[in-house]
Amino acid sequence: MCGIVGAVAKRNILPILLNGLRKLEYRGYDSAGVAVVNAEDQISRIRSVGKIIELEKALDRAPDIQGTTGIAHTRWATHGPPTESNAHPHMSGSRLALVCNGIVENHESLRLAQKAKGFEFQSDTDTEVIVNEIYQHIAQGADLLNAVKSTIKSLQGAFAIGVISADEPYRLVGARRGSPLVVGVGKDETFLASDMSALLSVTKDFFILDDGDIVDINGTNVTIMDQLGQPQQRQLKTSTLTAESVELGEHRHFMLKEIHEQSTAIANTLEGRITGTGLLEASFGADATQVFDDTRAVQIIACGTSYHAGLVAKYWFEELGVPCQVEIASEFRSRTHAVPDHCLVVTLSQSGETIDTLSALAEAKRIGYGSSLTICNAPESSLVRESDLVLMTHAGPEIGVASTKAFTTQLVALRLLVIALGRRRHLSMEHEAKLIAELRELPAKVDEAIKLEPIIKDIAEQFADKHHTLFLGRGTHYPIALEGALKLKEISYIHAEAYPAGELKHGPLALIDSDMPVISVAPNDRLLDKLKANIEEVRARGGKLIVFADVETEMSEQKNLTVINVASVDSSIAPIIFTIPLQLLSYHVALIKGTDVDKPRNLAKSVTVE
Ligand code: AGP
């Protein structure tokens with residue numbers, strides 16, 4: 001959570017910092033701030049509550065603020081409410097400013113010690129202790145770099161920081177432990193940011209800092225050191241992202257843009273991974289064949305939408321005889337496990353920086369699980385670096401907080417993994433060729449599903465005054481119901497629950513009345529008759545149903561039953577197709593509700609706190 005940008009240049013860097021913050025707003029958006037070293041070698045700082053636009057307005061009222069060295073921050077509150085005094089940058093005295101993304105776990109003891117030394121705190125944050133700690137080292141004679149080095153030794157937790165001092169006006173020191181940080185290299189100017197998207201308008205060349213790294217940007221010199229303070233050569237990488245890929249373009253919201261990008265994202269995720277009839281196993285990495293030969297079971301770990309993708313995959317794996325467990329990362333990491341033999345740990349993550357998933361992977365390694373594989377959308381992310389095997393989803397940057405194309409491409413990547421492991425179990429060559437052919441059809445089928453948008457837009461009207469919704473599904477479509485419910489609550493703030501349809505009679509039926517819409521997906525599979533019976537149970541109790549049904553189910557409209565026909569698809573790809581109308585429904589309900597679709601309240605895109 002939170003986004004950091006920093007710069008040292010020979011021009012006024014304020015526009016660069018603001019542009020970077022706009023790109024990082026997905027990481028948090030409850031307050032923002034900027035601090036620059038001005039022409040008089042003083043620090044000018046402006047902070048404001050709310051989104052970046054509020055900071056821009058505040059800066060418009062202070063046109064004299066300019067500088068060639070500076071830092072900026074967009075916040076997702078952890079310690080202390082979103083107020084101006086809690087917004088970053090935080091200062092100690094008037095000549096030292098710092099931005100931080102993450103949490104300092106031992107902030108209470110540091111705060112007590114600093115108070116005893118006479119420090120007066122200006123905020124409720126855990127961050128302020130860091131800048132005070134640096135201040136003390138400088139007061140004892142250290143320069144900015146050495147003060148940062150000494151300070152981070154005393155910090156517990158996961159964080160990334162950027163620090164400037166008016167006494168060293170062309171210097172910016174950054175450090176990362178747990179949270180991401182990249183260094184952008186321009187011509188005679190250097191930048192720091194939480195991710196590359198923030199800097200694409202000024203550079204495409206980046207050093208990706210390793211965990212524990214410290215970077216000293218001093219004029220045009222850049223020195224990267226490891227956690228022991230030893231200088232290190234990190235490879236300069238050129239980003240393949242374009243500035244346009246993180247722009248809204250013609251779309252009203254990133255979420256809508258990303259829903260519409262799904263056929264391309266899926267095609268890109270399949271490209272180079274499949275031949276006419278089979279899977280190219282090397283797509284997972286050089287050691288894939290050896291690791292897969294050794295794998296007897298799969299443990300999937302993920303959070304939120306990525307967890308739902310894992311739940312779908314469990315059905316797929318076990319259908320081919322591969323035992324599979326799926327667990328929410330924050331639960332996995334904090335309980336005792338009976339570790340199975342030869343179990344491949346699979347993490348799923350759009351961002352690759354979700355701290356719960358990273359910690360769960362570390363725990364899995366610690367307690368003796370086998371090899372690890374990540375399915376991830378962010379190259380160079382921590383999960384990618386920490387995993388033995390990697391299959392990137394080539395969805396492109398996902399900016400909307402509500403995950404859409406990352407989910408469907410994760411499902412595609414999981415199908416590839418299911419094929420790879422299924423080969424070692426019940427999957428014949430003929431069956432594999434059939435599954436591959438079905439995957440090839442996906443992009444066209446996705447585009448067909450997107451054409452339902454006008455009908456879905458009309459249906460969304462029914463939710464304008466609703467406070468609760470129930471989603472039903474069976475088999476692989478139970479996780480799709482969970483995902484539909486998550487999308488709706490996330491962006492429209494309507495309370496939504498999902499149940500396996502067969503579980504209704506064990507309690508949730510009591511909730512049914514004409515005021516709570518019930519949404520179901522009805523693929524044409526072997527569970528259809530049972531699902532139809534569950535739908536009747538709802539209707540018999542006065543519930544109003546909206547069913548997205550495979551056209552071949554021949555379900556028809558009746559009293560209290562709205563049927564939206566979805567083009568027929570094979571059951572292996574049906575969960576991917578049935579996700580699309582649920583995404584569109586939540587989007588259009590959110591529009592009607594007037595919420596901030598791309599930046600729903602209280603949330604952030606990349607969850608880098610525990
Ligand atoms: C999805 O709409 C959510 N915003 C959220 O649940 C997300 O999927 C979760 O935080 C996991 O993120 P990751 O895929 O980046 O690890």
Side-chain angles (χ1 to χ4, degrees), residues 258 261-275 278-285 287-289 291-292 295 298-317 319-320 322 324 326 329 344-352 354 357 361 371-381 383-384 386-398 403-423 427 432 435-443 445-446 476 479-480 483 572-577 579-580:
E258 288 154 7
E261 282 172 347
Q262 286 179 109
S263 57
T264 310
I266 288 171
N268 289 344
T269 300
L270 288 172
E271 195 189 327
R273 271 91 185 252
I274 51 176
T275 63
L279 163 75
L280 293 170
E281 217 159 82
S283 318
F284 292 88
D287 298 333
T289 299
V291 170
F292 293 160
T295 297
V298 171
Q299 171 68 59
I300 296 178
I301 305 170
C303 303
T305 287
S306 298
Y307 168 69
H308 295 157
L311 289 178
V312 176
K314 178 181 167 71
Y315 291 86
W316 288 341
F317 277 119
E319 211 170 277
L320 291 178
V322 183
C324 175
V326 190
L344 177 68
V345 177
V346 177
T347 55
L348 308 176
S349 176
Q350 188 287 129
S351 62
T354 302
T357 310
L361 174 61
S371 302
S372 60
L373 181 153
T374 191
I375 290 176
C376 185
N377 195 41
E380 313 298 346
S381 62
L383 266 181
V384 167
E386 296 294 325
S387 303
D388 301 320
L389 301 179
V390 174
L391 189 68
M392 297 307 301
T393 46
H394 292 153
E398 191 182 68
S403 190
T404 51
K405 61 179 181 173
F407 178 69
T408 46
T409 52
Q410 279 171 349
L411 288 176
V412 168
L414 282 161
R415 285 233 46 96
L416 299 180
L417 182 61
V418 165
I419 289 172
L421 294 177
R423 279 177 175 174
L427 186 66
E432 176 169 339
L435 296 181
I436 294 287
E438 287 163 5
L439 283 174
R440 284 187 187 285
E441 282 179 13
L442 254 177
K445 297 281 186 189
V446 165
T476 46
I480 299 307
E483 175 58 9
S572 72
I573 56 169
I576 302 171
I577 298 302
T579 299
I580 311 284

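Basis for what follows: all heavy atoms, side chains included, without hydrogens, waters or symmetry-related copies.
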[X] [atom1] to [Y] [atom2] distance, which is reported to the nearest 0.5 Å:
X      : Y      : atom1 : atom2 : value
Lys445 : Ile576 : NZ    : CD1   : 13.0 Å
Leu411 : Thr476 : CG    : OG1   : 10.0 Å
Thr354 : Leu383 : OG1   : CG    : 7.0 Å
Leu270 : Arg273 : CG    : CZ    : 8.5 Å
Thr289 : Glu281 : OG1   : CD    : 4.0 Å
Ile419 : Leu280 : CD1   : CG    : 11.0 Å

Could you pull out the closest heavy-atom pair between [X] and [Y], with the gap in Å?
X      : Y      : value
Ser403 : Glu398 : OG-OE1, 2.9 Å
Val384 : Ala378 : CG2-O, 3.6 Å
Phe407 : Ala309 : CE1-N, 3.3 Å
Cys303 : Thr357 : SG-OG1, 3.4 Å
Thr409 : Lys405 : OG1-O, 2.7 Å
Ser371 : Val291 : CB-CG1, 3.7 Å

| remark: Exactly one candidate in Leu391, Thr374, Leu417 meets side-chain contact (heavy atoms from CB on, under 4.5 Å) with Val346; the answer is Leu417

| request: Start with the C-alpha gap between Gln350 and Ser306, add the side-chain angles, then the distance that decides, and say whether side-chain hydrogen bond (donor to acceptor under 3.5 Å, both in side chains) holds. | output: CA-CA 7 Å; Gln350 188 287 129; Ser306 298; over 6 Å; no

| query | Ignoring hydrogens and geometry, is there a side-chain-to-backbone donor-acceptor pair from Ser372 to Asp388 under 3.5 Å? | reply | yes

| Polar side-chain atom of Thr275 near backbone of Gly278 as donor-acceptor pair, under 3.5 Å | yes

| task | Report the C-alpha distance between Leu361 and Ile301 in whole Å, list the side-chain angles of each, state the deciding distance to 0.1 Å, and finish with yes or no for side-chain contact (heavy atoms from CB on, under 4.5 Å). | result | CA-CA 8 Å; Leu361 174 61; Ile301 305 170; 5.7 Å; no

| field | Basic-acidic side-chain contact under 4.0 Å: Arg423, Glu432 | value | yes

